[in-house]
Amino acid sequence: MPALAHVVPLTPVDGVYTYRVPEAMADEAVPGARVLVPFGRRQITGVVAERVEGSDDKLKPLHDVLDARPALTSELLGLTKWVADYYLCAWGEAVKAALPSGTGVESHRVAHALAPADAWPDDPRGRKLLRALAEANGTGLPVAALADVLGRKSVPQNLLRRMEAAGVLRIDHEVQDAAVTAKTARHLRLGDGAEGAALRGAKQRALLDHLTEAGEVVLQAEALAATGATSSTVKGLVERGLVEAFDAEVERRADGMDAEAVAPAEALDLHPAQTAALAAIVSAIEADRAETFLLHGVTGSGKTEVYLRALRATLDRGETAIVLVPEIALTPQTVRRFRAHFGDRVAVLHSRMSPGERLDAWTRIRDGVYPIVIGPRSAVFAPLENLGLIVVDEEHESSYKQFDPAPRYHARDVAVMRAHRAGAVCVLGSATPSMESVANANAGKYTRLEMPERVPVRGPDGTTRAPAPLPPVRVLDLAREKKVRRLKGALSHELRLAIADRLAKGEQTILLQNRRGYAPVLTCEDCGWTPTCRDCAVSLTVHKTGRNLRCHYCGRAERIPRPCPECGSDDLRQLGAGTQRVEEEIAEVFPAARVLRMDLDTTSRKGAHRRILDAFGRGDADILLGTQMVAKGLDFPRVTLVGVVEADTGMLLPDFRAAERTFQLLAQVAGRAGRHELEGEVLIQTRNPEHPALQFALRHDFHGFALGELAERLALGYPPYGRLIGVELKGPHEGSTRQLAGRWGDALVTEAGKVAGVEVLGPVPALIGRVKRWWRFQILVKTPRTLPASVLASMVRAAEARVSLPSGHRVNLDVDPVGLY
Ligand code: ADP
Ligand code: ZN
Ligand code: ZN
């Protein structure tokens, strides 16, 4: 029976397209397989969504099947469809998120000359092109490269069309190989007759001995390094048939953990709260019950230990598991703990992997080599089969939400959905759960598990003591400090005393200042002038390194002007303190202290994050100073002081989650102090000592905070009690973007009128009204939670259909938006 295939193109177009399946591809073009299909005049990669019987000669045939085994299981294919429907993107965009990047195959345009250069007398540019094409020896040149030939910025499309029409030039669509492919390397193994053969030299002998000892296949590069042999040694042996050399696929690995021997983990006796939590989780795993747990345990309560045991139970049943961690918490400490338990059965994915490394890891996971995958949000799409468990650690982290490109998904919510669809267990863990998860637990959708105390401390003599108490927190009112003590710098007298005390005792300090750079604002004392970015509506930050100004939105750097370009005054003041300025102040006050700074500027290089943490862990520094990066997931026994330089940085932002964020950050960073035998202390400097987020954090009172915060959200109809969809309109001109936003606003109001309870807020200029030269407006669509997501989605889709998009403008739909616009 002839067959047809519905194919999802991996481009931002909606819908599936139907092709004929040639007889020869019938076995491989199955759902989930990647295929090459004609699409307009191009050829693009798509994924087969469905096979149906039937025939239609008007349909084009598939060109090729790119996978011997389908890239996506039907489970993942179905999940991507859900993601596309829920997050309002094209199915192809969601499928792309589930595949390693750069592996798609696309066609591009290639020009060939059909006539000699003087066949085009009209103009010299055409002759120049024909000459260059003739020199390409029949292979043609990519159209994109023709601009270079003419020394111009863009390709002269009109000229190409005229030349094509005149028959002197042909433009083909040729398929380009995937940008990222599997890597192979030369391997060696013993050939027949190697035994007892007479050998010419010591190097040949050494190499044969090495291969005999290894017993199987070895990498040539490693064998040469181990024996001092050279490739000509190999050649000699291969020619005599004593050694076989061949190319085989190798895996590029980037987790940096292979070389280190990781000691097997010792078995701990679980304490009662851990035992209870684990029992609940394991019983769901063993009953194959798709249940979601909210594991709420204070920092240091032993959540990771519970994940490890739950993973063990999953593997014991022959099932697989995913562990999501925020990128920032993907520290060597975390990875080492999982390696110590599961060794080579863990694949680690992270955003700094090269595309090749990513492809290799993905392929191995797909092949079933690794039953456990750890990674940041995109790991939720790991191609595991027989999934039994998904753990989302630090489930409240906003980095689980992807903003660009689409799909703008929340990995925690996708994890819950994937586990549910796959019949797997999902565990969401946090010391400060999101209000969404708390509400879901309150409603009985998630099973709540509590671990309210830190694990008991084991003393050096092997005895255990009562749990390390959560550290006492003191609040220092900066306004008062300024008045009473004439505070000059960023560090108050009390904080300085506390640091001095730790330095004297040889203990360590973590200082949080959630602003990078030197000074957030430069301003002229005489006229009030402040430098702003030419392309973004934000002021520039002073950076000490290079003594320049930088835009934190687009990265633009400028020299610090002097004098003031407005009024000529020399009195330019740098206001406020970023991490660099705090670092300078520490150096002045404590010249002997060893300080490590960790922020975006010091961690941009691969591996830098890890080097800083390793150095601090070894005790190479007394103080770890940084942005929110220092607040998360770290566990250093000698840290007894945590200082928050300015708790106010995120507190007063016009975002309904500002208080939640502030509470989370303060509770998390406070949890870094005194985790082991040594007692800890936390000092928080603030200008808003009465702020509820701070007051509850001070008492380590999560439930008190959540109660008040949820009541407020309910009153205002915000998540978790309301649904939000953000509509962001971007364009090159203020006027045209405002108009587009107005048309969208009208369309949304019209559609919203058909559904009860929908509110349309805006359009308004976005908080940062211009970023990287794009003008930005936004609209928020808000409904009660009781309105199903699908109703809201179709309403927004209907509005979208009413508004045509002028060229050069964009619309971003963001379902369940997180953070500021
Ligand atoms: P969390 O993930 O909740 O912050 P961890 O699992 O990292 O907590 O545990 C904190 C520390 O306590 C770790 O050093 C861990 O090895 C140790 N630990 C956890 N559970 C136990 C236990 N049952 N007995 C002894 N030590 C434990
Ligand atoms: Zn001035
Ligand atoms: Zn900028």
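Only a predicted model underlies this, so the values are computations on that prediction, with no experimental measurement involved.
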query = Looking at CG of L729 and CD of Q778, how far apart are the two atoms once the value is rounded to the nearest 0.5 Å?
reply = 9.5 Å

request  = Answer yes if the ring centres of F636 and F616 are under 6.0 angstrom apart, and no otherwise.
outcome  = yes

key: Side chains of N440 and L294 in contact at under 4.5 Å (non-hydrogen atoms)   = no

task = Could you check L428 against T292 for side-chain contact (heavy atoms from CB on, under 4.5 Å), going step by step and ending with a plain yes or no?
result = CA-CA 7 Å; L428 310 178; T292 301; 4.2 Å; yes

message = Any non-hydrogen side-chain atom of L596 less than 4.5 Å from a side-chain atom of I623?
response = no

query = Heavy-atom distance under 4.5 Å between the side chains of V475 and Q685, does that happen here?
reply = no

ask   = Centroid-to-centroid, H296 to H703, below 6.0 Å?
value = yes

query = side-chain contact (heavy atoms from CB on, under 4.5 Å) between Y87 and E93: does it pass, once the steps are laid out?
reply = CA-CA 11 Å; Y87 290 104; E93 289 175 303; over 6 Å; no

ask   = Where is the tightest heavy-atom contact between A490 and A577, given as atom of each residue plus distance?
value = CB-CB, 4.0 Å

Trace of the side-chain contact (heavy atoms from CB on, under 4.5 Å) decision for L780 with K782 = CA-CA 6 Å; L780 269 183; K782 188 172 155 210; 5.7 Å; no

query = Would you call E397-R412 a salt bridge at under 4.0 Å N-O?
reply = no

ask   = Within a radius of less than 6.0 Å around NE2 of H420, do more than 12 heavy atoms belonging to other residues, nucleotides or ligands occur?
value = no

ask   = Counting distance only, does the side-chain N/O of Q695 pair as donor-acceptor with the main-chain N or O of P689 below 3.5 Å?
value = yes

query = Can you check whether P471's main-chain N or O pairs, donor with acceptor, with H700's side chain at less than 3.5 Å?
reply = yes

request  = Nearest 0.5 Å please: distance from the CZ atom of R474 over to the CG atom of L495.
outcome  = 9.0 Å

T649-N514 side chain donor-acceptor pair, cut-off 3.5 Å = no

message = Can you confirm whether M651 sits close enough to N688 that some side-chain heavy atom of one is under 4.5 Å from a side-chain heavy atom of the other?
response = yes

key: Separation between CG of L748 and CD1 of I725, rounded to the nearest 0.5 Å   = 9.0 Å

task = State, to 0.1 Å, how close T80 and A98 come at their nearest heavy-atom pair, and which atoms those are.
result = CG2-CB, 3.9 Å

task = Determine whether E709 and M435 make a side-chain contact, defined as any pair of heavy atoms from C-beta on separated by less than 4.5 Å.
result = yes

remark   = Note: P817 and L724 closest approach over all heavy atoms is CD-O, 3.4 Å

ask   = Using a distance-only test with no angle check, is there a side-chain donor-acceptor pair under 3.5 angstrom linking Q402 and R377?
value = yes

task = Using the ring of F696 (Phe, Tyr or Trp, six-membered ring only), decide whether R699 places NZ or CZ under 6.0 Å from its centre and within 45 degrees of its axis.
result = yes

remark   = To the nearest 0.5 Å, atom CG of L683 lies from atom CD of E681 at 4.5 Å

note = d(L665 CG, T432 OG1) to nearest 0.5 Å is 9.5 Å

ask   = For the residue pair A321 and L311, what are the closest heavy atoms and their distance?
value = CB-CD2, 3.4 Å

ask   = Just how far is it from atom CG of L278 to atom CD of Q274, taken to the nearest 0.5 Å?
value = 8.5 Å

inquiry  = Looking only at the side chains, is there a donor atom on one of T686 and D648 sitting less than 3.5 Å from an acceptor on the other?
reply    = yes

message = Walk me through whether H609 and T603 qualify under side chain to side chain donor-acceptor pair (under 3.5 Å).
response = CA-CA 5 Å; H609 187 238; T603 54; over 6 Å; no

key: Validation row: Y400, P326 side chains within 4.5 angstrom (heavy atoms)   = yes

task = Would you check, one step at a time, whether the test salt bridge (charged side-chain N to carboxylate O under 4.0 Å, His left out) holds for E728 with R810?
result = CA-CA 8 Å; E728 182 197 20; R810 285 200 200 144; over 6 Å; no

request  = Please examine the side chains of F656 and P719, heavy atoms only from C-beta on, and report whether any two atoms are closer than 4.5 Å.
outcome  = yes

request  = Decide whether a cation-pi geometry holds between R713 and Y718; the criteria are a distance under 6.0 Å from NZ or CZ to the six-membered ring centre and an angle within 45° of the ring axis.
outcome  = no

task = Run the numbers on V764 and I779 for side-chain contact (heavy atoms from CB on, under 4.5 Å), then give the verdict.
result = CA-CA 7 Å; V764 291; I779 305 172; over 6 Å; no

message = Taking E305 first and then R337, would you say they form a salt bridge - that is, a charged N and a carboxylate O separated by under 4.0 Å?
response = yes

inquiry  = Can you confirm whether the side chains of T579 and Q513 place a donor and an acceptor under 3.5 Å from each other?
reply    = no

key: Heavy-atom side-chain contact between K303 and S301 under 4.5 Å   = yes

inquiry  = Pairing donors with acceptors under 3.5 angstrom, does anything connect the side chains of S437 and E395?
reply    = yes

task = Name the orientation class of the two ring planes belonging to F702 and F705 (parallel below 30°, tilted from 30 to 60°, perpendicular beyond 60°).
result = tilted

inquiry  = Treating R408 as the side-chain partner and D404 as the backbone partner, does any N or O pair qualify as donor plus acceptor under 3.5 Å?
reply    = no

query = Is it true that Y409 and F381 have ring centroids separated by less than 6.0 Å?
reply = yes

query = Taking 4.0 angstrom as the limit, do R418 and D413 come out as a salt bridge?
reply = no

message = Can a side-chain donor-acceptor contact be found between T447 and E291 if the only test is distance below 3.5 angstrom?
response = yes

request  = Flag the pair D814 and K401 as a salt bridge only when some basic side-chain nitrogen lies within less than 4.0 angstrom of an acidic carboxylate oxygen.
outcome  = yes

request  = Inspect the contact between R657 and E436 and indicate whether a charged nitrogen and a carboxylate oxygen are less than 4.0 angstrom apart.
outcome  = yes

query = Can you name the nearest heavy-atom pair linking P784 to G757, along with the distance?
reply = CD-O, 3.3 Å

request  = Locate the shortest heavy-atom distance separating P520 from L575; write the atom from each residue and the value.
outcome  = CD-O, 3.1 Å

key: For R597, the option from L625, L511, T627 that meets side-chain contact (heavy atoms from CB on, under 4.5 Å)   = L625

query = Under 3.5 Å, side chain of R454 to main-chain N/O of T299, donor-acceptor pair present?
reply = yes

